[in-house]
Amino acid sequence: MSDTPVQTSATVLTVRQVQDYHAMTLVAPAIAERFRPGQFVAAAVGGAHTARLVRRCFGVHEVKSDYGGTVEVVFADTEPGTGWLAGLRSRDQLDLVGPLGRPFRLPRDPVGCVLTGGGPGAASLFALADTLLRRGCKVHFVLAGPSARQVFGSRMAQRVGDTAAIVTEDGSVGEEGTLDDVLPRVLQETGADVVYGCGPTDLLRTITQIAGELGLPSQVSVEEFLQRTGACGTGLCMTCMLPVHGEDGVTRMVRACADGPVLRGDRVRWSDLGTIPFDALGAPRVLSVTEGGSR
Amino acid sequence: MSDTPVQTSATVLTVRQVQDYHAMTLVAPAIAERFRPGQFVAAAVGGAHTARLVRRCFGVHEVKSDYGGTVEVVFADTEPGTGWLAGLRSRDQLDLVGPLGRPFRLPRDPVGCVLTGGGPGAASLFALADTLLRRGCKVHFVLAGPSARQVFGSRMAQRVGDTAAIVTEDGSVGEEGTLDDVLPRVLQETGADVVYGCGPTDLLRTITQIAGELGLPSQVSVEEFLQRTGACGTGLCMTCMLPVHGEDGVTRMVRACADGPVLRGDRVRWSDLGTIPFDALGAPRVLSVTEGGSR
Amino acid sequence: MSDRVRTALGPLELPSPVLTAAGCGGTGRELAPFFDLGRLGAFTTTSVTAQPRAGRPTPRVAETPSGLLTAMGMPGPGIETFLERDLPWLVEQDVRTIVSLAGHSVEEFAELAHRLRGVPGVAAVEVNVACPNVADRGRMFARHPAAAAAAIRAVRDGTRPGTPVLAKLAPDATDIVTIALACVDAGADGLTLINTMEGMAIDTGTLRPALTGVSGGLSGPALRPVAVRCVYQVHAALPHTPIIGTGGVATGLDALELILAGASAVAVGTALFHDPLAVPRVLRELEEALAARRIERLADAVGLAHRPAGFVPPQVRPHEPEKERTP
Amino acid sequence: MSDRVRTALGPLELPSPVLTAAGCGGTGRELAPFFDLGRLGAFTTTSVTAQPRAGRPTPRVAETPSGLLTAMGMPGPGIETFLERDLPWLVEQDVRTIVSLAGHSVEEFAELAHRLRGVPGVAAVEVNVACPNVADRGRMFARHPAAAAAAIRAVRDGTRPGTPVLAKLAPDATDIVTIALACVDAGADGLTLINTMEGMAIDTGTLRPALTGVSGGLSGPALRPVAVRCVYQVHAALPHTPIIGTGGVATGLDALELILAGASAVAVGTALFHDPLAVPRVLRELEEALAARRIERLADAVGLAHRPAGFVPPQVRPHEPEKERTP
Ligand SMILES: Cc1cc2nc3c(=O)[nH]c(=O)nc-3n(C[C@H](O)[C@H](O)[C@H](O)COP(=O)(O)OP(=O)(O)OC[C@H]3O[C@@H](n4cnc5c(N)ncnc54)[C@H](O)[C@@H]3O)c2cc1C
Ligand SMILES: Cc1cc2nc3c(=O)[nH]c(=O)nc-3n(C[C@H](O)[C@H](O)[C@H](O)COP(=O)(O)OP(=O)(O)OC[C@H]3O[C@@H](n4cnc5c(N)ncnc54)[C@H](O)[C@@H]3O)c2cc1C
Ligand SMILES: Cc1cc2nc3c(=O)[nH]c(=O)nc-3n(C[C@H](O)[C@H](O)[C@H](O)COP(=O)(O)O)c2cc1C
Ligand SMILES: Cc1cc2nc3c(=O)[nH]c(=O)nc-3n(C[C@H](O)[C@H](O)[C@H](O)COP(=O)(O)O)c2cc1C
Ligand code: FES
Ligand code: FES
């Protein structure tokens, strides 16, 4: 059962400032032991008397064996939920569920991998890099964002990766430009065999497209879509549905949390996110007459 | 305006264990400066995302001039609201409104005063004692309760008061017995001129009765009644009503928070607490027909 | 207060859209120590009854998740004392005052309106139709279109034409739009949405209902989604009828939510018990929220969430302002 | 599980009174990693429809104070796949299963009952009458006594006599007791109270309704006072009809509150999203709460809050168990 998630009261070990983000290390042996890169944890926010019922999900930045097992998450504290998290201090308890979701599929052979991301979501790529490197893979980072604030881990990527390219629209860190300018070049230069992605939805779509054009498989984590739509993270609530077409050619609505968050990029119908495509299984044939929310 | 209440974000200075209680000292200069003994403060509990809308009220144990002005409250952490409070640590912020309610009326002359109480509510008596002593009054404590756990401040009373009598039903601290056994004796021995009370409702009723029999005025704080019935502490919600008869002989429903919590004991219709006496102003003449809660 | 937040309820202009809700601001005197009452859009009184009423025995209130349950039993000093003691104080402080009326029969509503007629300092009259109707075995007026309309008509008929009459509705109805239509048809110039919703709590210590009234009214943020829904549905049907949105407003964004749904003003109730400074804070936050969204005038935000809705529900024109009638 | 918590819904005996609520436990597979499903009193399925349905586009959910708003659009694989794939898995795990049915017409309800008839592993059938009725311009069955009764009758007629049929009602009605009476009269063996209540949220960023469905159903602790009130009122009128209490149960004391109001079992919904271990925890806390109050058998606590009420509301005897009819 060691690949099944657990619910646990984790102890906050440290909260550090990293660039514009908070990095929180939590003692959670049962989660650390089960974790595989690409999976996430879901934290209850607001404390024992909270009025906020939706757990906030976080990709795992790093897992260590200290104190029986720790997990580190990275977040910005701009919104109420993460604002509360940022106020926690060492020794506080945090109710965590995890690890949740399907991990990144790992190559069997020591191939070349490009890890692409942006925003705090890029944090997940570092746990992945760690595992890939231990398997003898080559790891090439490509981090992109509008400006330096939105690019997490640029220095770390340079330290950890075999290569690391950083690109921002305003040139505030790395090259000036967009992912389109950089990713094809890196894929060509490194001769990579697979592309991994984690970050804003538009970024994932771009990754998928560029990888597709070069005939490379892509594995992307739809964290942002899940964050905007989901309520449980455990596959129970069925609110985080997105259209994915299967090998049989049929489009099905699948759960971003339990069937993802890592999906094959080429399977996701990116243009149809937030809709039920008319050809999806179970799509309404006519717009049904409903009074308010049918339940 | 310095006798009007304020809303403030107080900083927790220390939380100490005192007997079975927590004593929390808060930096709140605007409240400390306005406070008069018998008044209380109302704390928002549960943090920024709380689902609990009712503030928890606390009598003030001690006011000091350190850090611009501090107030100390004393509480047991058996229930959810105070349980949350007990988890606060030094440097945390607490949203406080105060001082609220009418204070104990103070004697003009340096007379003899008996201060009677039980439970954490007795905390309020120490701020009162302080003021009375500074006015040259004699202060005699009588603290009562079922057992030692329910008697707060017995050692402090002995240190601060001119005399101090402690009585518990099981004799676990002080004499074995009840207030009835002790209060009449203390009143006679000390020749006191006025009785102050703060504690469980039954205790207040006993105090009023014994004082009345000896022809002494009593001033009691109906904190427990207020805690069971009120929702705001500021006089807005009209839920903490208790029957009090006025000088004109008419019984009116008054607010425990804003018209109290300190009331003349002989004015409170103790047997009718939790009812609308039929002769109260505005009492229903017949039980009105209502569907559920009329608003 | 900036021009950005000016608003109007029909003919009644208000410098601020943030009011107190009926029964939640005491007599006004209790709030005065905390902030300048001039910052109130308006003060809504506790519902005034014909006779003094002590209300229900305690406990009258219970805490529920993000809410409060209350069964007050309509306590108050009665209209005579109200007119002698409470209203003059508000007038003296220059507080725009909306007087809420509670009757237990259509006749009592008529009598109350009559007593209030011509009294200076009444900015508007709010009719609390969430009152038990003794003529209907104690069922609330607010639950039946005809009963609600009768109460409104009685008050409208007894009130000077220039003074707006607002109908305050409760959400415990199969279809609140029907009730709102009936009230507007009966002469209501505006609507206050919503009163509390019937709920109940059981004390797991005593194993008995927590309130002497057995059931009570649920208020507070827990109720807000229901208030937003009611305001939205009624504004869709009656886009020209001004609405005061009430129910769980505790922040400026909560106020904005009700305004986007179709309210021209909002009233703060339960939040006052938690935070006596709620009204000026909500106003400040709302002003900031409008500015951040580059909304220059509050009126531009009213009902904005309806546009561009794919489906336009049937719209009904409100009644024309009535001519004065003999009471 | 101790004998203290054994309960029964009419003929259906359950070792535990804590169930999952319809639509909130996934297919069962999602909960299985967290706890032994044998600890469930019963598993209630997501409402099963005749055809596969993708449901509404996202966003389908919004967070509200102590609550959740959802507008799902009744997604599901359809009864065929349900019978082939989901139900057999539950049977295999030995999970007592209550199958919830959702139809958009009386005929569809009849068809669903017919498809389910005689299928092994169906402990009870729950009829979700909070469905839009296409024959009534999309109004919910649950809002009209006659429509609700027709749906119940269709399912009762199509279901084996030994299998209890439960009517699941929504609180958005002027008088839920009337609807409950109509359902029991039409053959419901028990009631599940309550489904979500209609509410709405507006996104203050986009200035548009937060849900694609515009309005949605409010669930979670915010709703609990309404659930307690509905269970209390219906139990007062129908003291012999078993009730599953649902709405905001997140702790053992919440469960006890509904039981004291008159429920014989409780179903946990929204709390599962916050806490996948909610069911075994609520059960443990309930067991402790009963023990602390020296209540030896759960049945002794059912409806206890009604005693010694001063006023006994009119009581109605439930219908006698129906003889088998030809479907
Ligand atoms: C798989 C996954 C991984 C993520 N990893 C990271 C990360 O590494 N670093 C990071 O900063 N952020 C991450 N996020 C986003 C994160 O969960 C927060 O939602 C985000 O930071 C917004 O902050 P907040 O909770 O303070 O916002 P709030 O304003 O408190 O919440 C914003 C709104 O989103 C809703 N919401 C928030 N979280 C969820 C959720 N999980 N499911 C459904 N609704 C939700 C809330 O109900 C609210 O309405 C991740 C999200 C997902 C789904
Ligand atoms: C004037 C006054 C002075 C007090 N002084 C002290 C003191 O010095 N030390 C002390 O330990 N306790 C004091 N109390 C009681 C204190 O406010 C807490 O209510 C009590 O300790 C119960 O603890 P809790 O909040 O953890 O209980 P909870 O279980 O969290 O609350 C118990 C129930 O009481 C209700 N409740 C709690 N407080 C209030 C309130 N203020 N108004 C209305 N309803 C309320 C809650 O809604 C809840 O339903 C005082 C109360 C009053 C009114
Ligand atoms: C203690 C209390 C007393 C109330 N008294 C009245 C009243 O007298 N008349 C009335 O129309 N509404 C009354 N209400 C309803 C409020 O005005 C308001 O409509 C409702 O509480 C929802 O708003 P809120 O969530 O901001 O409190 C009262 C509500 C509470 C909580
Ligand atoms: C996401 C979600 C899906 C639901 N799906 C169904 C359903 O399919 N059938 C049904 O009868 N009720 C459904 N409900 C209602 C719940 O079963 C329950 O009655 C309601 O949510 C109140 O309980 P709670 O507060 O514990 O969630 C759903 C509720 C939610 C939140
Ligand atoms: S977030 Fe609940 S199913 Fe995905
Ligand atoms: S507690 Fe609100 S008026 Fe006294």
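Computed from a predicted model, the values in this text were never measured in an experiment. Sequence lines set the chain letters: A, B, ... in the order given, protein chains first and strands last, and positions in each chain run from 1.
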### Task
Examine whether an atom of A:Ala280 lies under 4.5 Å from a heavy atom of chain D, and if so say whether it belongs to the side chain, the backbone or both; otherwise answer neither.
neither

### Query
For chain D, which of A:Cys232, A:Gly233, A:Gly230, A:Ala44 has the most heavy-atom pairs under 4.5 Å?
A:Cys232

### Query
Does any N or O in the side chain of D:Glu63 come within less than 3.5 Å of the main-chain N or O of A:Val54, such that one atom is a donor and the other an acceptor?
yes

### Query
Any side-chain heavy atom of A:Leu53 sitting closer than 4.5 Å to one from D:Thr270?
yes

### Query
Of the listed residues (D:Pro75, D:Gly23, D:Gly26), which shares the most heavy-atom pairs with chain A below a 4.5 Å separation?
D:Gly26

### Message
Can you give me the closest heavy-atom contact between A:Gly274 and D:Pro57, atom names plus distance?
### Response
O-CB, 3.3 Å

### Message
For chain A, which candidate among D:Gly67, D:Ser219, D:Ser66 shows the most heavy-atom pairs at distances under 4.5 Å?
### Response
D:Ser66

### Task
Tell me, for D:Thr64 versus chain A, whether the close heavy atoms (under 4.5 Å) come from the side chain, the backbone, both or neither.
backbone

### Message
Main chain of A:Thr239, side chain of D:Arg60: is a donor-acceptor contact present, judged purely on distance under 3.5 Å?
### Response
no

### Message
At a heavy-atom distance under 4.5 Å, which candidate from D:Asp275, D:Thr212, D:Leu211 has the highest pair count against chain A?
### Response
D:Asp275

## Note on the structure
Sorted by chain and number, sequence neighbours left out, ring-ring contact (aromatic ring centres under 6.0 Å, His included) with D:Phe35 holds for none

### Query
What's the verdict on side-chain contact (heavy atoms from CB on, under 4.5 Å) for D:Val61 and A:Thr229, showing C-alpha distance, side-chain angles and the deciding distance?
CA-CA 7 Å; D:Val61 64; A:Thr229 58; 5.9 Å; no

### Message
Report, in residue-number order, which members of residues 251-265 of chain A are under 4.5 Å from chain D by heavy-atom distance.
### Response
A:Met253, A:Arg255

### Task
For residues D:Phe34 and A:Gln7, report the shortest heavy-atom separation together with the two atoms involved.
CE2-N, 4.4 Å

#### Entry: Nearest heavy-atom neighbours spanning D:Ala54 and A:Ile276
CB-CG2, 3.5 Å

### Query
How long is the span from the OG1 atom in A:Thr234 to the CG atom in D:Leu272, to the nearest 0.5 Å?
8.5 Å

#### Entry: Over 12 foreign heavy atoms within 6.0 Å of CZ, A:Arg149
no

### Task
Please round to the nearest 0.5 Å and tell me the distance separating atom CG of A:Asp95 and atom NE2 of D:His274.
6.5 Å

## Note on the structure
Most heavy-atom pairs under 4.5 Å with chain D, out of A:Pro243, A:Ala51, A:Gly46, A:Cys240, belong to A:Ala51

### 4.5 Å side-chain heavy-atom contact, A:Val97 and D:Pro276
yes

### Task
Could you tell me the separation between the CE atom of A:Met238 and the OG1 atom of D:Thr27, rounded to the nearest 0.5 Å?
6.0 Å

